[in-house]
2 protein chains.
Amino acid sequence: MEDSVDRHLARWRGKAPFEERVEAIVTRMQTLVKHLAHTKEAALAQVGMQDYEFETLHRLVARDGRATPSELAADLLLSPAGMTGRLDTLEKAGLVRRVRSVEDRRRVDVELTPKGRDLWTDAMTIRGEVEAHMVHVLDEEAQAQLDRLLRRLLTSVESGRVPWDTRPA
Amino acid sequence: MEDSVDRHLARWRGKAPFEERVEAIVTRMQTLVKHLAHTKEAALAQVGMQDYEFETLHRLVARDGRATPSELAADLLLSPAGMTGRLDTLEKAGLVRRVRSVEDRRRVDVELTPKGRDLWTDAMTIRGEVEAHMVHVLDEEAQAQLDRLLRRLLTSVESGRVPWDTRPA
DNA sequence: GACGAATGGTTCGCCAGCGAAATAGTCTGC
DNA sequence: GCAGACTATTTCGCTGGCGAACCATTCGTC
């Protein structure tokens, strides 16, 4: 069996000024993530939700249904402006509520509405199935191994300032 | 050392109707890919290119500098409309040329211009460095292992039609 | 205790990508 | 040959996300 990346790499053999293994890993991760996004998008349509809406609610629930826009933006690697946009739609849909904080009036607390929590619960099952379906191809041990490897990469990425990264921490 | 996903998962402990390992794997992959995108974007700015432009040229070079929009769209998991947009900008920048095919006049051949190839070459180095920098945290053997695992996932994703996927093949 | 720097959010203008419809061209069956 | 199904690409309108500029508020310091 071969996948699309095998074919991609085959086209490069010989004429490529890059490390094949790096290209393979990176391209496979990107492709998997993109596939996952498409599949989840289609699946979440069942409850009339979009992936980005779900992810936002999800992070919010993780923080006990209450967080500031900046916290969420950081969690989701999103720009502040993007976050405002997401919250606007979620608020309009009644899934989320914005409350101006009293002790620091610059801050805003975003809180999940009951409706938001219900919808999240529905979507949660669907999302779980989609993701599990992908990952369960690997047995327990392989999953653990994969996760360990990914974790090593992410730890390094998140700790080390990269020479090319011009953004502030 | 812990990464952001460890923290994310810690917030869930107990109250989560999902498999922790699946969540971990998926979230880590998504986060890594997003980080990579940001970093590459910043790095490629050195040659005044954007990631999506580079990826398009890259696939084009992989096909010996000549391919149809549909082929590229398929490679990049992009909608046909999206592809047209990309090609428009690349053509305007003189990195690519559109040639109406003669034997089938519905088709268009996209070909790399010399300028396009030059720019791709410059960018290639940069991109290579960024990606390698991330992956090289793992030793040879770990990289091979990671790639094998990812490959198993992708093969399965690409072969099996998934029950939720409503899109055509 | 007031002024300037810093902080949390939002607004604005822009751009890439999407889905659906339009356009143009090819193929099939009769 | 020609009507109708099919295929390749583009056009159109819309939406999510971004960076930069912009409030509003709080902090730091003299």
Side-chain angles (χ1 to χ4, degrees), chain A residues 30 33-34 37-42 44-45 48-57 66-93 96-111 165-169, chain B residues 30 33-34 37-42 44-45 48-57 66-93 96-111 165-169:
Chain A
Q30 287 170 336
V33 167
K34 205 149 191 182
H38 286 165
T39 315
K40 279 202 292 187
E41 201 74 59
L44 283 174
M49 217 189 308
Q50 288 187 284
D51 189 48
Y52 80 94
E53 297 177 304
F54 174 78
E55 287 304 329
T56 313
L57 291 186
R66 172 173 272 273
T68 67
S70 337
E71 286 167 342
L72 295 173
D75 283 353
L76 298 160
L77 297 181
L78 216 64
S79 76
M83 200 62 238
T84 302
R86 285 198 183 187
L87 293 176
D88 286 349
T89 42
L90 287 175
E91 192 167 36
K92 206 167 298 174
V96 128
R97 198 175 15 238
R98 269 191 261 227
V99 187
R100 205 92 222 176
S101 163
V102 253
E103 77 272 3
D104 181 343
R105 300 218 312 285
R106 287 168 306 182
R107 289 169 78 247
V108 168
D109 278 317
V110 180
E111 38 181 73
D165 196 347
T166 52
R167 308 263 116 252
Chain B
Q30 288 170 336
V33 167
K34 205 150 192 183
H38 285 164
T39 316
K40 278 201 292 186
E41 201 74 58
L44 284 173
M49 216 190 307
Q50 288 187 286
D51 189 48
Y52 80 94
E53 298 175 304
F54 174 79
E55 288 303 331
T56 313
L57 291 187
R66 171 172 272 271
T68 67
S70 335
E71 286 166 341
L72 294 173
D75 283 353
L76 297 160
L77 297 181
L78 216 64
S79 74
M83 200 62 237
T84 301
R86 286 198 182 188
L87 294 176
D88 286 349
T89 40
L90 288 174
E91 192 167 37
K92 205 167 300 174
V96 128
R97 196 173 18 235
R98 269 191 261 226
V99 186
R100 206 92 221 174
S101 162
V102 251
E103 78 272 6
D104 182 344
R105 300 220 311 286
R106 287 168 306 182
R107 288 168 77 247
V108 168
D109 278 316
V110 180
E111 40 181 68
D165 196 347
T166 52
R167 308 263 117 255

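A note on names: the letters A, B, ... follow the listed sequences, proteins ahead of strands, and every chain is numbered from 1.
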Go through [options] for me and flag the one nearest to the [X] side chain.
X: B:Ser79; options: D:dC18, D:dT10, C:dG19; value: C:dG19
X: B:Tyr52; options: C:dG17, C:dT11, D:dG17; value: C:dG17
X: A:Arg106; options: C:dT10, C:dA24, D:dT25; value: D:dT25

Evaluate side chain to side chain contact (heavy atoms under 4.5 Å, CB included) for A:Asp88 paired with A:Arg98, printing each intermediate quantity in order.
CA-CA 9 Å; A:Asp88 286 349; A:Arg98 269 191 261 227; 2.2 Å; yes
Mind calculating the distance between [atom1] ([X]) and [atom2] ([N]) to the nearest angstrom?
X: B:Leu90; N: C:dC15; atom1: CG; atom2: C1'; value: 14 Å
X: A:Leu76; N: D:dG17; atom1: CG; atom2: P; value: 9 Å
X: A:Asp51; N: C:dC18; atom1: CG; atom2: P; value: 14 Å
X: A:Gln50; N: D:dC14; atom1: CD; atom2: P; value: 16 Å
X: A:Glu41; N: D:dT15; atom1: CD; atom2: C1'; value: 12 Å
X: A:Met83; N: D:dG17; atom1: CE; atom2: C1'; value: 12 Å
X: A:Leu87; N: C:dT11; atom1: CG; atom2: C1'; value: 15 Å
X: B:Asp88; N: D:dC12; atom1: CG; atom2: P; value: 12 Å

Within residues 97-105 of chain A, the residues having a heavy atom closer than 4.0 Å to DNA chain D are A:Glu103, A:Asp104, A:Arg105
Is there a side-chain polar atom (N or O) of A:Arg107 under 4.0 Å from OP1 or OP2 of C:dT7?
no
Enter the distance from A:Leu72:CG to A:Met83:CE here, rounded to the nearest 0.5 Å.
4.5 Å
Knowing that exactly one of B:Val108, B:Thr84, B:Asp109, B:Leu78 qualifies, which makes a side-chain contact (heavy atoms from CB on, under 4.5 Å) with B:Pro69?
B:Val108
Among B:Thr56, B:Thr89, B:Leu57, side-chain contact (heavy atoms from CB on, under 4.5 Å) partner for B:Val96
B:Leu57
By nearest-heavy-atom nucleotide on DNA chain D, the more 5' of B:Val108 and A:Leu78 is B:Val108
Is A:Arg100 reaching over with its side chain to a backbone N or O of A:Arg106, donor-acceptor style, under 3.5 angstrom?
yes
Does B:Glu111 use its side chain to pair, donor to acceptor, with the backbone of B:Arg97 at less than 3.5 Å?
no
For A:Pro69, report the nucleic acid contact type (base, sugar-phosphate, nothing); a contact means any heavy atom under 4.0 Å.
sugar-phosphate
Tell me, with the steps shown, if A:Leu76 and A:Arg86 meet side chain to side chain contact (heavy atoms under 4.5 Å, CB included).
CA-CA 11 Å; A:Leu76 298 160; A:Arg86 285 198 183 187; 3.6 Å; yes
